Structures are given as C-alpha cells and as structure tokens.
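Before any comments, here is the structure.
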Amino acid sequence: MALLTAILVALAAISAPAGGEHRLAVIVGRTDALSDISRDDLRLIYIGGLTRLGGRRISPVVLEEKAPAQRYFLKNVVGMGEIDFTQAWIGAVFNGEVATPPHLARSPAEACRYVATHRNTIAYVDAADVEGDVKAVKVDGKAVDAPDYPLVWR
Amino acid sequence: MLTTRVSLSLALALALAGLLPACSAAAQPSTLSAATEPAAPHPPAEPPPYPIFRLGGFGDLEFHSSSEDRPGGLDVAEIDLYSTAQLTDRLSALVEVLARRDHRDRLVTEVDLERLFVAYAPSDFVCIEAGQTHTGIVQWNDREHRSRLLQTPIDVPAIARPPQDDGAWPLRFVGVWVSGRVEGPLGLKYGVAAGYGSGKRRDEIPVVSGDRSPAGLLSLSIAPPRWHGLELGIARYVQRIPATAEPLRERDLTLSLSYVNRGAEVRAEYARMMHVGIHSGRRFRSVGYYVLLSQRLNGRLSPLRPYFLFDRLDLARGEEYLRESRNEDAVAGGMRWDITSHFTLKAEGRSQRGKKRDHDLIVGLQLGVSF
C-alpha cells in the first residue's frame, strides 16, 4: 500500500504543472462575442496596428511595468521592452493612428474589473488572477488550460 | 541674419486647436492612461465616451561642437505641439504646430503648421484623411514627423529633412489621403493620395493661387505577421512644379526596409528624385539613402541604445530648384539614453561633408522630452 501511494504521489508530481508555471490569459468581457484570437492579431492590437475586431473598435489594457505578466507579454508577444513599447504608443497617438494609448491597470484585479465594465476592451493577466465578469479567450485556437497553450512562462 | 517666419495657415491651425478643448483628459502625464473610474461590482458596460481630446507635445534642445570654425553651443531648440480629437468612433482630427529656433548656419525663428487634417476611418482597411499632412514619400518622415524623441539618432537623414531645413524631398502636401491595412499573411498596407505639393518655394504649398502644384502618391508595404517587426515598402510620388526657371515634372521613387523587434532596430531607405524640365527636357536626378543600425541593451542597461547612422545624399548638379539644399555624406555613431520613456538624452559623434573641409567632425548632445 505504501509503495502504491508512493507511485501515485510520484505520478502526480510528474503530471501536475511544474512548479512556478504561469499561463497568460487573454480576457474580454463575459458577454463579448470574441472567443478566439491569434497571437498575430493580439500583437497588432498592442502596437496600434489593429483597432477593430469584427467591425468593432477594440481598446487594449496593459498592466504595470513591474507585473510579471506585463514583462512576459511585451517580450514574447509584442517583441518590445517597456520603453520602446511606450514610445511606440506615443508615436501612434502623435501620428493620429489611434485616439488614446492603452488603458493602464494598476493590478490584475483592476484589469479584470475594467474589461468587465467596458465594452470592446481586451487585457491579459496571469490565469490565476482571472476574476469577475470576464472570460479567457482562446489564443491560436488553444484554450488557456490546454497543454499546448502558447502563452506559458515559468 | 535673423529670419522670422510665421505661416499664414497657422492662424487656421490655432483656431482649430482652440476648438479642441484642453480638458482634463487631454493632459498626458503618462503614455498609458491610468484608471480613473471607481470600481463597481456589476455596473452596466458603457460605450466609449466620445469625443476624446488629447493635447501633447515634444520639446528638444541640441548642442553641437564642430571642427569647422563656426560657433558651438545651443544650435536648435524646438517645441512641437499637437492636439487630437476622436470625435466619433470613425471621425477624428489632428493639428500639429512646430516652433523652432535654429542657430546652425544663420539664426532662424519660425512657427509653422505641420499637419492639419480630418480623418474618417470606418475600418482598418480604409482611412480617409483630408487636409495638410505628409506625403509619405519618405518613410522616416512619415513615421517620425518632427519629433526627435521618437527617432533614435540626433539628426534626421538628409532625404527626410523638411524643406525649411534645406531638405530636398517634398514631405508635405495638402489634399486627400486614403490608406489602410489589408488582412492576410502579407500584412499589406497601402496609401493613395492626391492634392497639391510644394510650389515655387519649396517650403510653401499654394492651394488657391495659380502656383498650385498638383501631386499624387501611391505607396505599398508589407509587414508579414510571421516575421515580427519586418516591413518592406515602396512609394511613388509625382508632381508638377511651377518652378521659376521653368515648370518641372517630378517623379520620385522610394524603397524602404525596417526591422524592429526585441530591441533591434534596422532602418534603411533609398530615394530617387527625378526632375524634368517640361519645356527644355533637362533632367535632374538626385539620389539619397541612409542605413540606421541600433540595438537596445539588455537588463539594467536597457535604457541605453547604441546606434550607427550612414547618411548620403547626392543632389543633381546645377538644379536651380534645389539650390538651397545640400549634399550629405555622413557617418554618425552615438548612444541614446532613455532616462524615462518620456525623457531622452543622446550623445553623438558625426563625421560629415563640411562646407570648408572634406569632413567636419561634430560632437552633439540632444535632450528630448514628450509631454
């Protein structure tokens, strides 16, 4: 019995998510029609190159620079550091390409709250921080809890 | 010599700017707007509040020390103010005014209207702008406009210099511009414009007098999402110029490449400008190009971005219309330090073709700020 318990514990340790694994959930309002988004479109939205999805204007929300989810997102999805990202948005507003820069949420909870209460907004938070009237959309057809979900970091 | 010039169209711009109220939302303490609404457990979803007004600007100071016998010190001071208004989901307006004091060759103080347009954008596929804007023939200018903060090096490449700074290429025009992005694996973007370009004087765009200069532009670029940060473009610009000596037919072609990803920045552009005398058939061919290479450093050094710029311009010999422009053959290397996202210090060493020597060595310092 002890041996069986030990084997089960070992198997559980192997199959469970590795310690420190985080998944970046891309969230929209719970009633939003959007259910799936590509990484390319996500990147375009966050560099000001795509302002509408399904004919509706979409407004991005970002987290504070120190948030791990923000650092992961900028590096792996947008391909920029914080300084270049901020200056790219200064340029986008200055060029008249967009009306406003992304909304800055001070915390994941605030990002969820903002998306839940504003139509046509999109944000990203650690999947463990998703709360309220929002939903995590699929990214490249993969659900946030799928084994091959593309936005994972440790 | 002191030259002071205030564009007549500035009055119109200021009038429009007055219509764009500097409301509290207009202040831009940070690029990323912070939350202002109190939390509510289950409030109804609200549509975006229109109109949205913003007021922003850039300022910069440049200091130079040259090996030629011209005075060093403060050379250029600029302040660039702009206001945007998102009037509805599809309708917006923008006005930009530049005030500048240049002491490099002669003291010039000027206040000028850079852009003034209304835009209608029903989708990302089509955006229609009407008013005074940039021609888009030079990507550097189209992207960076006049803000020194947004460009990596201190100086603007020779082909992107505005006419009031002795530049040769037609960078502004008045008319209608249609642009957009086509969904697909190529990331195709297009631009089509028709209007009036520079007249007898290259820094003025007459739209009501007989000196009008009909102009048109077609630009195409691709930015395949698969290759993040890569963009290749081509642009063609045509214009008829009522030059003093004889009318000219202008045909410009520009090829551009940029790659901006993970801190790397590569920008290169080749531009050819052809002027043909309509009566004499004389041809004047000017060619310019630049290559910019830079890389943001990692970790704690991430505010630093070393760079190199190669800049070349060969103007057609003997062309009267471009007599105020100057050739360029420069190599610059420097370091950009982003103290914050809104405040930048650049230090640069530059070797360029001098007026008295083959190569003039210049050390420059530039402070740039956005607000």
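The sequence lines fix the lettering, A, B, ..., with proteins before strands; numbering per chain opens at 1. No hydrogens, no waters, no symmetry mates; every other heavy atom, side chains included, goes into these values. From a predicted model like this one, the values you see are computed outputs, not experimental measurements.
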Would you mind checking which part of A:Asp32 comes under 4.5 Å of any heavy atom in chain B, side chain (CB onward), backbone (N, CA, C, O), both or neither?
neither
Classify the angle between the aromatic ring planes of B:Phe58 and A:Phe94 as parallel (below 30°), tilted (30 to 60°) or perpendicular (above 60°).
perpendicular
Chain B shares the most heavy-atom pairs under 4.5 Å, among A:Val61, A:Asp41, A:Ile83, with A:Ile83
Answer yes if the side chains of B:Glu265 and B:Ser294 hold a donor-acceptor pair under 3.5 Å, and no otherwise.
yes
Going by heavy atoms in the side chains, are A:Ile122 and A:Leu42 under 4.5 Å from each other?
yes
Atom group of B:Arg305 that falls short of 4.5 Å from chain A, counting heavy atoms
side chain
Non-hydrogen atoms of chain B under 4.5 Å away: do they reach the side chain of A:Arg43, the backbone, both or neither?
side chain
Is the terminal nitrogen or CZ of A:Arg52 (NZ for Lys, CZ for Arg) located under 6.0 angstrom from the six-membered ring centre of B:Phe125 and within 45° of that ring's axis?
no
If you measure only the distance, is there a donor-acceptor pair under 3.5 Å linking the side chains of A:Asp126 and A:His22?
yes
Based on non-hydrogen pairs under 4.5 Å, which of A:Val78, A:Thr51, A:Thr121 is most in contact with chain B?
A:Thr51
Please determine whether a side-chain nitrogen of the Lys or Arg among A:Arg30 and A:Asp133 lies less than 4.0 Å from a carboxylate oxygen of the Asp or Glu.
yes
With a 4.5 angstrom heavy-atom cut-off, is it the side chain or the backbone of B:Arg181 that approaches chain A, or both, or neither?
side chain
Proximity breakdown for B:Ser179 and chain A, heavy-atom pairs closer than 4.5 Å:
neither
Side chain, backbone, both or neither: which part of A:Leu44 has a non-hydrogen atom closer than 4.5 Å to chain B?
side chain
Under 4.5 Å to a heavy atom of chain B? For A:Val115 that would be neither
Is the closest side-chain heavy-atom distance between B:Gln132 and B:Arg172 below 4.5 Å?
yes
Which of the residues B:Ser92, B:Gly263, B:Ser123 is involved in the greatest number of heavy-atom pairs with chain A at under 4.5 angstrom?
B:Ser123
